[in-house]
K.L.:
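Okay, handing you the structure first.
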Amino acid sequence: VLGLVGRRLSSTPAGLLLAVRDGYETALLHCGLPELRIEAMGEQSSTVLLDSIAPGLGPELRRRVLAAAAGNPLALIELPKAVGSDAPVACGVPERLPMTDRLEHAMTERFCDLPAATRTVLLVASADTQSSLNEILTAAGQLGEGVPVSLDDLAPAVASCLVDHDHRRIRFRPPIVAAAIYQGASLGQRHQVHAALATAMTDRPRRAWHRAASTTSPNEAVAAELEWASTGATTRGSPTIKLSAMERAAELTPEVSRRRRRLLRGAELAADLGQLTRAEALIGAIDPADCDPLERARTDLVRDMIEPRFPVQPTAVNSQVDTATRASSAGEIDLALRLLQAAAMQSWWANPRPEACHLIAAALQHVAAPEDDPRVLSILGFCDPAGRGSILSEIFSHIAPHTCDPMIASSAGAALHATGAFEISTTFLTAAVAGLRQQGRLWLVPQALAQQAWNAIYTGNWSLAASAAEEAASLARDTRQA
């Protein structure tokens, strides 16, 4: 009837607008009516829509919402609402954002009409979109009460335009459908799916993730395997995912001292990412009375990131130097350098006292780190900007900033800024900001941008100074540094 009406209206000054979603078979498709296919929004349009819906969204969440929505306008509208809630995200898919009931229903409407075997295959696929088709079918077969699952069971989903595949991997259309299907499953169903995937996996790190997501009680073997998967040579992803892994490993750890160590590592990662509420919760789960002196030093570093102390008291710098000396004697070289770097930077920002600088430099001599380690050089640059400036400029002029770890590039850029080598400093800070953003490690970004802005002022680059200062101020507010 609608097709007949549509054809009759073609010669009259009236219109009939009909909307049909992909995957629904309807006679309207064969009526010869004009069609306008609505494609996903482009990057620029998506950004404009998101900024109008959620102008106060932080830069990291903004990036993640844009990536998850992939141009879907409803997702761009609904995801910021869920992000602002306390909706939990399961360990098995920590990279995903929670979604509202409205978005979940819209994305799973066609899923609910599929045969049971097809829904099982898609649920398994939604729990790990990197799994091969063979792994998904193997795992789904374990959930089908002994009924074999084959490629034919995917056909209804392909016909409904929910997925497509190339005989190797399944691709959801749009990608956010996977998150909706997974979120719509019960906790028991998710546990079963992850257990089946763990059995089907041959890749050890990915198997560790699924074992952890399917385990319901403390288990040191599972926790240790997950920690290895998140910090070893083969890792599943970004610092955000590593943080979720460390949190989950701590939850599964039965022994108190190991649990404390994992909570502390998770808090450090959360602070680096600028997720200070999360870092606060992890630190809050640690009993200070149980910590040894070096663990207390690490918790103090995290607390200083959560609530920076200005001005810095001389006693705080002296305490950090003393603890760095103990850390060095215990072989904790990385911790010793972090403590001395914090002491040097805090002392420099507070107008350095000569005695404090001498104390830091003297302690640095006893740390078993190479003299050309960028962290060592940056500490010396803060302690003696005038005396070390030409040496640092010469050394760092032969290092390509983009080859450095972003955090090291940031400390090098800050030290060069302290010595007055503003142009070289800017190259390192630019690489640091780009790398830190890519990794999602936002806590250092406003500091690097602020130093970049000062460099620009000193070199007369007013446009860069204005833009870097404006963004530094915004990010500093987001990460409680202003």
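Since this is a predicted model, take the numbers as computed values, not measurements. All values below come from the heavy atoms of this structure, side chains included, with hydrogens, waters and symmetry mates left out.
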K.L.:
Any donor and acceptor pair, going by atom type alone, linking the side chain of Glu255 with main-chain N or O of Arg258 inside 3.5 Å?
P.N.:
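Indeed, once roles are kept as given, a pair shorter than 3.5 Å links the two residues.
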K.L.:
Go through the structure and list residues passing ring-ring contact (aromatic ring centres under 6.0 Å, His included) with Phe422, not counting sequence neighbours.
P.N.:
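For Phe422 the ring-ring contact (aromatic ring centres under 6.0 Å, His included) partners, ignoring immediate neighbours, are His417, Tyr458.
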K.L.:
Which distance, rounded to the nearest 0.5 Å, do you find between the CD1 of Ile176 and the CG of Leu97?
P.N.:
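If I round to the nearest 0.5 Å, the distance is 8.0 Å.
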K.L.:
Does the Arg190 side chain pair with the main chain of Gln183, one donor and one acceptor, at a distance under 3.5 Å?
P.N.:
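Side chain of Arg190 to backbone of Gln183: a pair is present.
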K.L.:
Only counting residues at least two apart or in another chain, list the ones meeting salt bridge (charged side-chain N to carboxylate O under 4.0 Å, His left out) with Arg265.
P.N.:
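So Arg265 forms a salt bridge (charged side-chain N to carboxylate O under 4.0 Å, His left out) with Glu268.
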K.L.:
Would you check if the side chain of Ser45 reaches a backbone N or O of Gly42 as a donor-acceptor pair within less than 3.5 Å?
P.N.:
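No.
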K.L.:
Quick one: ring-ring contact (aromatic ring centres under 6.0 Å, His included) partners of His358, sequence neighbours excluded?
P.N.:
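Result, ring-ring contact (aromatic ring centres under 6.0 Å, His included) vs His358: none returned.
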K.L.:
Go through the structure and list residues passing side chain to side chain contact (heavy atoms under 4.5 Å, CB included) with Ala431, not counting sequence neighbours.
P.N.:
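Only Pro401 meet the side chain to side chain contact (heavy atoms under 4.5 Å, CB included) criterion with Ala431.
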K.L.:
Measure from the side-chain N and O atoms of Thr299 to the backbone N and O of Arg296, and report whether any donor-acceptor pair falls under 3.5 Å.
P.N.:
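Yes, the answer is positive, given that a donor and an acceptor are paired below the 3.5 Å cut-off.
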K.L.:
Under the salt bridge (charged side-chain N to carboxylate O under 4.0 Å, His left out) test, which residues partner Arg169, sequence neighbours left out?
P.N.:
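Expected list: none.
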K.L.:
Starting at CZ of Phe172, measure out to CD1 of Ile181 and round the result to the nearest 0.5 Å.
P.N.:
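So the CZ of Phe172 and the CD1 of Ile181 are separated by 4.5 Å.
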K.L.:
Within 45 degrees of the ring normal and closer than 6.0 Å to the centroid, is that where the cationic atom of Arg480 sits relative to Trp443?
P.N.:
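Arg480 over Trp443 ring: no.
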K.L.:
Under the rule for side chain to side chain contact (heavy atoms under 4.5 Å, CB included), what residues qualify as partners of Asn219, not counting sequence neighbours?
P.N.:
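Asn219: side chain to side chain contact (heavy atoms under 4.5 Å, CB included) contacts with Thr215, Ala221, Val222.
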K.L.:
Run the salt bridge (charged side-chain N to carboxylate O under 4.0 Å, His left out) test on Arg261 and Glu227 for me, step by step, so that the C-alpha distance in whole Å, both residues' side-chain angles and the decisive distance to 0.1 Å come before the verdict.
P.N.:
CA-CA 11 Å; Arg261 177 175 60 78; Glu227 182 179 17; 2.7 Å; yes
K.L.:
Does Pro406 have any side chain to side chain contact (heavy atoms under 4.5 Å, CB included) partners at least two apart in sequence or in another chain, and if so, which?
P.N.:
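Per chain and number, Pro406 pairs via side chain to side chain contact (heavy atoms under 4.5 Å, CB included) with Leu436, Gln439.
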K.L.:
Enumerate donor-acceptor pairs with a distance under 3.5 Å from any side-chain N or O in residues 380-393 to protein atoms, sequence neighbours excluded.
P.N.:
unit_1 : atom_1 : unit_2 : atom_2 : d
Asp384 : OD1    : Gly387 : N      : 3.0
Ser393 : OG     : Gly389 : O      : 3.0

K.L.:
Give me each pair satisfying side-chain hydrogen bond (donor to acceptor under 3.5 Å, both in side chains) with a member in residues 395-410, each pair once, sequence neighbours excluded.
P.N.:
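Non-adjacent pairs meeting side-chain hydrogen bond (donor to acceptor under 3.5 Å, both in side chains): Glu394-His398.
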K.L.:
Checking Ala198 now: which residues fulfil side chain to side chain contact (heavy atoms under 4.5 Å, CB included) with it, not counting sequence neighbours?
P.N.:
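Side chain to side chain contact (heavy atoms under 4.5 Å, CB included) check on Ala198 returns Arg207, His210, Arg211.
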K.L.:
Please determine whether a side-chain nitrogen of the Lys or Arg among Arg262 and Glu247 lies less than 4.0 Å from a carboxylate oxygen of the Asp or Glu.
P.N.:
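Salt bridge: no.
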K.L.:
Applying salt bridge (charged side-chain N to carboxylate O under 4.0 Å, His left out), which residue pairs with at least one partner in residues 435-447 are found, sequence neighbours left out?
P.N.:
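Matches after skipping sequence neighbours: Asp272-Arg441, Arg437-Glu471.
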K.L.:
Within a strict 4.5 Å, meaning less than it, do heavy atoms of the Ile379 and Ile360 side chains meet?
P.N.:
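SC-SC contact between Ile379 and Ile360 confirmed.
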K.L.:
Which residue pairs pass the side-chain hydrogen bond (donor to acceptor under 3.5 Å, both in side chains) test with at least one member in residues 46-55, sequence neighbours excluded?
P.N.:
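Qualifying pairs, neighbours excluded: Asp51-Arg62.
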